[in-house]
Protein chains: 2
Amino acid sequence: MGVTRVYSYTLAGKAGVTPEQVRKDFSEYGIKGNRRGGYLTESLIRAIEVIFSRDRKSNVVVVGMGNLGQALSRYERFAGRGINIVATFDIDPYKHKSRSDIQVYPMERLEEITERFGVTVAILAVPEISAQEVCDELVNLGIRGIVNFSPVLLKVPQYVVVNNVNLSDEIESVILSVRRMKDEQSLFL
Amino acid sequence: MGVTRVYSYTLAGKAGVTPEQVRKDFSEYGIKGNRRGGYLTESLIRAIEVIFSRDRKSNVVVVGMGNLGQALSRYERFAGRGINIVATFDIDPYKHKSRSDIQVYPMERLEEITERFGVTVAILAVPEISAQEVCDELVNLGIRGIVNFSPVLLKVPQYVVVNNVNLSDEIESVILSVRRMKDEQSLFL
DNA sequence: TGTATTTTGTGAATTGTTTCACAATAGATC
DNA sequence: GATCTATTGTGAAACAATTCACAAAATACA
Ligand SMILES: NC(=O)c1ccc[n+]([C@@H]2O[C@H](COP(=O)([O-])OP(=O)(O)OC[C@H]3O[C@@H](n4cnc5c(N)ncnc54)[C@H](O)[C@@H]3O)[C@@H](O)[C@H]2O)c1
Ligand SMILES: NC(=O)c1ccc[n+]([C@@H]2O[C@H](COP(=O)([O-])OP(=O)(O)OC[C@H]3O[C@@H](n4cnc5c(N)ncnc54)[C@H](O)[C@@H]3O)[C@@H](O)[C@H]2O)c1
């Protein structure tokens, strides 16, 4: 779009943070701008892509193709972020018949496929009850990172990274904030 | 299950935090245990339900019934957390024909339904491009809290709460952590 | 009933993060 | 090319969160 320069306050406005925050973070990662001249968009974008490893694609698998698993696997914009879903898995044989657009593999093929594609990260979208069991299996196959959508704390060796995404919490937190805001407001009536 | 008492370290273990953290948080909200006797499960659960308003159900709507919106609206465990999805909306007329289990309403009925059910919180799962526009509409109808799944910073009045859930970020962060862990490890070889 | 033990509750210390404030300087202006 | 101005980069200050450490109290047990 012809924009060659951006300033810390421009980026801060778009990101909803302060300009100081932007500069401190950039400084932390060695991103340098020009005093008075701001940051050059091209080199800034490249630097960010390197920092977030978006320049190299990462192969990931989705395990559990229910409501959430299907939604995630159909999302097309992951590619632009270096996230490459190479295969999806489910225990339910009914899901293996690819009536839908996406091929779902049986759990028996997890090992073969993760090895073939060098997969180290899995998205776990199975029910609460089977989460730990499937997690153990993934860890055994060499998975080193898990995005866990089930509301349980997974037990993993220290060399495995888990990021818990709890959508109920996310919604509840908004409900709570709204309640609190209203309560505060009614104090002034 | 017959458990009448829990200790800060029990809860901490399950939650993946320190016992001090648990006690400090409880203390902040006036939850009292017995020295040596721990916390009584029953009264603790009740206290938590009150703090998180889980005793009162909250009516919410889902706007945008694509991949994510459908997954969210089919999730049955929200009810147990006081989250009650009363209706779902989409601009696409094809979605209104309830071929699926869930009735999807046209956007024209948003006002009527949010008013009828006293809805103050909305889950926004529309494409990036229309997120701000739909957000404005929601705010106009009196919505006070938004769980935003689109990767844009919504502009809202100060009295509206927005919680941004960025699933690409969640996955990317795991990929990054795994990369960094591997890099560290290879320093020791 | 008295003593030992366990666990809470919380100030104080530590650690971490954000904001402030301003010197350094690249670029704009004349 | 001299001067003015806007913006960076970053120590220092302020603020926030976590951990430490231990007195107080409840329970267990002799
Ligand atoms: N859908 C949501 O909006 C939502 C919201 C909050 C939390 N979650 C959590 O996300 C997870 C997935 O939710 P969902 O709604 O997609 O559930 P779902 O029941 O629709 O799907 C789960 C899928 O996992 C498969 N599965 C079960 N056991 C398996 C195993 N051992 N190995 C492989 N696959 C197995 C099932 O066949 C099913 O297809 C759950 O833990 C849920 O609690 C979902
Ligand atoms: N699906 C995922 O896994 C995923 C991952 C990361 C981010 N997201 C984000 O979540 C949002 C939803 O993703 P999705 O995959 O469900 O998208 P989608 O395209 O499948 O669904 C979007 C839905 O919104 C409806 N819509 C469009 N404009 C509308 C309007 N003005 N009013 C009402 N409805 C409208 C469409 O008809 C469609 O049904 C997007 O912003 C996306 O970037 C999704």
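In the text below, chain A, chain B and the rest are named by the order of the sequence lines, each starting its count at 1. Everything numeric here is computed off the predicted structure, so don't read it as measured data.
Looking at B:Arg36, its side chain has no donor and acceptor atom pair within 3.5 Å of the base of D:dA25.
The CG-C1' distance, from A:Asp25 to D:dT10, rounds to 13 Å in whole Å. Taking atom CD on B:Glu20 and atom P on D:dA21, their separation rounds to 10 Å, with Å as the unit. Per the geometry, CG belonging to B:Leu11 stands 15 Å off C1' belonging to C:dG9, to the nearest Å. When the P atom of C:dG9 is taken as reference, atom OH of B:Tyr9 falls 14 Å away, rounded to whole Å. As rounded to whole Å, 13 Å separates atom P of C:dG16 from atom CD of A:Glu28.
In this structure, B:Thr18 contributes its side chain and B:Gln21 its backbone to a donor-acceptor pair below 3.5 Å. Judged purely by atom type and a 3.5 angstrom limit, B:Asn59 has no side-chain atom pairing as donor or acceptor with the backbone of B:Val86. Counting only distance, with no hydrogens or angles, the side chain of A:Glu128 and the backbone of A:Ser150 share no donor-acceptor pair below 3.5 Å.
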- Query: Checking side-chain contact (heavy atoms from CB on, under 4.5 Å) for the pair A:Val174/B:Ile146: CA distance, chi angles, key distance, verdict?
  - Reply: CA-CA 7 Å; A:Val174 172; B:Ile146 295 173; over 6 Å; no
- Message: Between B:Ile171 and A:Arg81, does the side-chain contact (heavy atoms from CB on, under 4.5 Å) criterion hold? Intermediate values first, please.
- Response: CA-CA 10 Å; B:Ile171 299 169; A:Arg81 290 285 292 269; over 6 Å; no
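When the nearest nucleotides of DNA chain C are assigned to A:Asn34 and B:Lys32 by heavy-atom distance, the more 5′-ward of the two goes with B:Lys32. Each of A:Arg35 and A:Lys24 was assigned the nucleotide of DNA chain D with the nearest heavy atom; the assignment lying further toward the 5' end belongs to A:Arg35.
Side-chain N/O atoms of A:Gln21 include none lying less than 4.0 angstrom from OP1 or OP2 on C:dT17. Side-chain nitrogen and oxygen atoms of B:Tyr7 include none within less than 4.0 Å of the OP1 or OP2 phosphate oxygen of C:dT8. Note on A:Arg23: every side-chain N or O is 4.0 Å or more away from OP1 and OP2 of D:dG9. Phosphate contact (OP1/OP2 of D:dT10, side-chain N/O of A:Ser27, threshold under 4.0 Å): present. When the side-chain nitrogen and oxygen atoms of A:Arg5 are compared with OP1 and OP2 of D:dT7, none of them lie within a distance under 4.0 Å. The side chain of A:Ser8 places no N or O atom within less than 4.0 Å of a non-bridging phosphate oxygen (OP1 or OP2) of D:dT7.
A salt bridge links A:Glu112 and A:Arg116; the closest N-O separation between the charged side-chain nitrogens and carboxylate oxygens is under 4.0 Å.
Annotation: proximity of residues 38-53 of chain A to DNA chain D (heavy atom, distance under 4.0 Å) is found for A:Gly38, A:Tyr39, numbered in ascending order.
Listed by first and then second residue, the side-chain hydrogen bond (donor to acceptor under 3.5 Å, both in side chains) pairs involving residues 30-47 of chain B amount to none (not counting sequence neighbours).
Counting any heavy atom pair closer than 4.0 Å across all strands shown, A:Phe26 reaches no nucleic acid atom.
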